[in-house]
Structure formats: structure tokens, C-alpha cells
K.L.:
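Structure incoming, see below.
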2 protein chains.
Amino acid sequence: MTAAQADAAQNTFRALADPTRRDILRLLGNRDMTIAEVSDSFDMTRAAVKKHLTVLSDGGLITVRTEGRTRINALDPQGFAPVLGWLEYFDDFWDDRLLALKSALERNQP
Amino acid sequence: MTAAQADAAQNTFRALADPTRRDILRLLGNRDMTIAEVSDSFDMTRAAVKKHLTVLSDGGLITVRTEGRTRINALDPQGFAPVLGWLEYFDDFWDDRLLALKSALERNQP
DNA sequence: TTGACATGATACCTTTTGGTATCTATTAAA
DNA sequence: TTTAATAGATACCAAAAGGTATCATGTCAA
């Protein structure tokens with residue numbers, strides 16, 4: 001792994017470490033949103049949400065496009081690649097029992 | 001997702017957010033190790049490594065067993081389940097192009 | 001052009017995090 | 001039974017993280 005790739009992975013892992021940011025990603029999985037729209041879902045100031053969006057952008061997990069005076073935040077699924085790549089190192093350890101557990105967890109999620 | 005599951009996921013994501021801890025997991029993927037053995041691979045005190053191991057244990061990513069006066073740290077692959085489960089929420093977004101990218105990343109990793 | 005709206009930027013505060021230094025407890029061996 | 005090795009616990013420190021408040025900037029509309 002190159003140094004740049006390692007940094008990218010670090011930014012991505014860091015972005016995923018905060019529960020608010022993970023919730024934001026789920027929101028953006030439903031539809032693109034402005035900062036104001038994202039902020040409506042959280043009990044914090046827009047400035048705080050903006051900081052989270054910046055971290056998510058640094059992690060490559062979202063992209064932002066400007067439309068007039070609004071800025072639209074969109075999920076970027078490719079941003080997950082560094083994490084998936086890192087996790088694959090452990091593929092040998094994931095047996096059928098673990099995959100079953102993973103599926104069970106998935107079914108319990110909203 | 002229950003509150004307990006959410007907490008477990010948080011502890012796991014937090015454990016993965018630090019590059020030293022991700023390196024420790026890779027080390028333990030090769031073989032089980034004592035704290036002293038893990039410490040040999042890093043330029044920091046055993047106390048610092050011990051803290052990282054505690055965070056990894058809180059995240060469910062390693063288990064510890066006592067043998068005489070040594071404590072053996074071992075990778076626990078089941079600890080990845082909350083992360084894999086969370087990531088699966090985005091499965092719909094992972095198209096062939098992304099999977100190809102993921103494979104490319106994997107090939108470049110040591 | 002004025003005014004309202006959507007956002008960005010900065011300063012500041014508190015808590016958490018990653019680290020060291022130091023002390024204590026337990027276990028194996030001479 | 002000393003003595004050395006392995007590890008846990010605690011206090012402490014600097015830096016980073018998450019948050020608020022405030023001000024500046026750009027854009028649309030009357």
C-alpha cells in the first residue's frame with residue numbers, strides 16, 4: 001500500500017468512527033441533501049454538521065456540488081473502497097459462522 | 001438495531017479508527033502475541049500498547065487469555081461483524097466498478 | 001439595489017485521545 | 001526465599017475532536 005493510500009484509508013476510517021457521521025451517510029443513502037436538510041435531522045448547529053460533512057468529504061465518502069446558493073451533498077460509494085480493501089486482508093478468518101452472524105445483524109438493522 | 005448493538009458498533013468503529021490499532025490487528029492475524037511481543041513492533045511504551053489493546057478488546061476485535069504470568073492476545077474475527085453488518089446497508093451502492101476497485105486495492109496491499 | 005437566505009470561516013471552549021512516567025501486583029526461576 | 005520478568009493501574013500532559021457563537025460571503029428575488 002502506498003503512503004497516499006494509507007492516508008486515504010486513515011481519513012476514511014476516521015470519518016466512520018463518529019456515530020453522527022455514520023448516520024449522515026445513511027441519510028445521504030436515501031437522497032442527496034443540502035447542509036440545512038442534513039442539519040434538520042440532528043440536534044446540533046449547522047456549523048457542527050458542516051464540520052462532520054467536511055470530515056466525510058476528506059474521507060472520500062461524500063461529494064459536494066454547488067447549485068446556485070445551495071451546496072448538495074451526495075454519498076460517494078467509492079469512498080468505502082479503502083475500508084473494504086483493508087477488511088479483505090482478514091477474509092481468511094471469516095468462516096460460515098461469522099457470515100451467518102453478519103447476516104443476522106443486518107436483518108436487525110433499520 | 002438495539003442500543004447494545006449500536007454501542008458495540010461504536011466501540012468497534014472507534015477501535016478501527018487508529019492506524020496503530022489496525023496494524024496490531026494485522027500482527028495478530030499472523031499469530032497470537034503477548035503485550036511485550038506486540039510492543040516490539042512499535043516505537044512506543046508497553047503502557048501505550050496496552051491501552052490500544054484495551055480499546056481493541058472493548059471493540060470485541062481481540063480476546064485475551066492468561067497463561068501463567070503472560071497474557072496472550074488473539075484476533076477475534078467475530079468482532080468485525082458489527083462493521084460488516086453496518087457496511088452491508090450500502091450494498092446496493094456497490095456496483096461492479098467499485099468491486100473492481102476494491103480488488104485492485106487488495107492486490108496492492110502487503 | 002436592498003434584503004433575505006444558504007453557506008463558509010474563524011475563534012473559542014470542553015472532553016476525549018494517545019502518549020509517558022511511575023508504582024504495584026503476580027509469577028517463575030535461581 | 002530472593003530476584004527478575006510480565007503485566008496492570010494510576011497520574012499526568014499535549015494534542016485532537018466535537019461542539020457553540022459569531023461574523024463574513026455569495027446568491028436569489030422583490
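Throughout, protein chains are lettered first and strands after them, A, B, ... in sequence-line order, and every chain is numbered starting at 1.
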K.L.:
Contact boundaries of DNA chain D with chain A (under 4.0 Å, heavy atoms), 5' to 3'?
P.N.:
D/dA17 to D/dC28
K.L.:
Which pairs, with at least one residue in residues 50-59 of chain A and sequence neighbours excluded, count as a salt bridge (Lys or Arg N to Asp or Glu O under 4.0 Å)?
P.N.:
none
K.L.:
Applying salt bridge (Lys or Arg N to Asp or Glu O under 4.0 Å), which residue pairs with at least one partner in residues 37-48 of chain B are found, sequence neighbours left out?
P.N.:
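Salt bridge (Lys or Arg N to Asp or Glu O under 4.0 Å) check on residues 37-48 of chain B returns B/R31-B/E37.
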K.L.:
Determine: side-chain N/O of A/R71 to OP1/OP2 of C/dG8, distance under 4.0 Å, yes or no.
P.N.:
yes
K.L.:
Could you check which residues of residues 57-70 of chain A get a heavy atom under 4.0 Å from DNA chain D? Sort them by number, please.
P.N.:
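Of all residues in residues 57-70 of chain A, the ones placing a heavy atom under 4.0 Å from DNA chain D are A/G68, A/R69.
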K.L.:
Determine which pairs satisfy salt bridge (Lys or Arg N to Asp or Glu O under 4.0 Å) with at least one residue from residues 61-75 of chain A, sequence neighbours left out, and list them in order.
P.N.:
A/D32-A/R65, A/R65-A/E67
K.L.:
Within residues 35-55 of chain A, find the residues that approach DNA chain D with a heavy atom at under 4.0 Å, and present them sorted by residue number.
P.N.:
A/M44, A/T45, A/A47, A/A48, A/K51, A/H52
K.L.:
Going by heavy atoms in the side chains, are A/F13 and A/V83 under 4.5 Å from each other?
P.N.:
yes
K.L.:
Quick check: on DNA chain D, is the nucleotide nearest A/R14 upstream (toward 5') of the one nearest B/T34, or the reverse? Name the residue that is more 5'.
P.N.:
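Looking at the nearest nucleotide for each, B/T34 comes out on the 5' side.
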K.L.:
Measure the shortest side-chain to side-chain distance between B/V38 and B/L28 over non-hydrogen atoms and say whether it is less than 4.5 angstrom.
P.N.:
yes
K.L.:
Side-chain contact test, heavy atoms from C-beta onward, threshold under 4.5 Å: evaluate it for A/L25 versus A/L16 and give yes or no.
P.N.:
yes
K.L.:
For B/F42, what residues pass the ring pair (Phe, Tyr, Trp, His ring centres under 6.0 Å) criterion, not counting sequence neighbours?
P.N.:
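So B/F42 forms no ring pair (Phe, Tyr, Trp, His ring centres under 6.0 Å) with any residue.
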K.L.:
Go through the structure and list residues passing side-chain hydrogen bond (donor to acceptor under 3.5 Å, both in side chains) with B/R21, not counting sequence neighbours.
P.N.:
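By the side-chain hydrogen bond (donor to acceptor under 3.5 Å, both in side chains) rule, B/R21 matches B/H52.
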K.L.:
Is there a side-chain contact between A/L27 and A/D23 (heavy atoms, below 4.5 Å)?
P.N.:
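A/L27 does not reach A/D23 side chain to side chain.
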K.L.:
Only counting residues at least two apart or in another chain, list the ones meeting side-chain contact (heavy atoms from CB on, under 4.5 Å) with B/A47.
P.N.:
B/T45
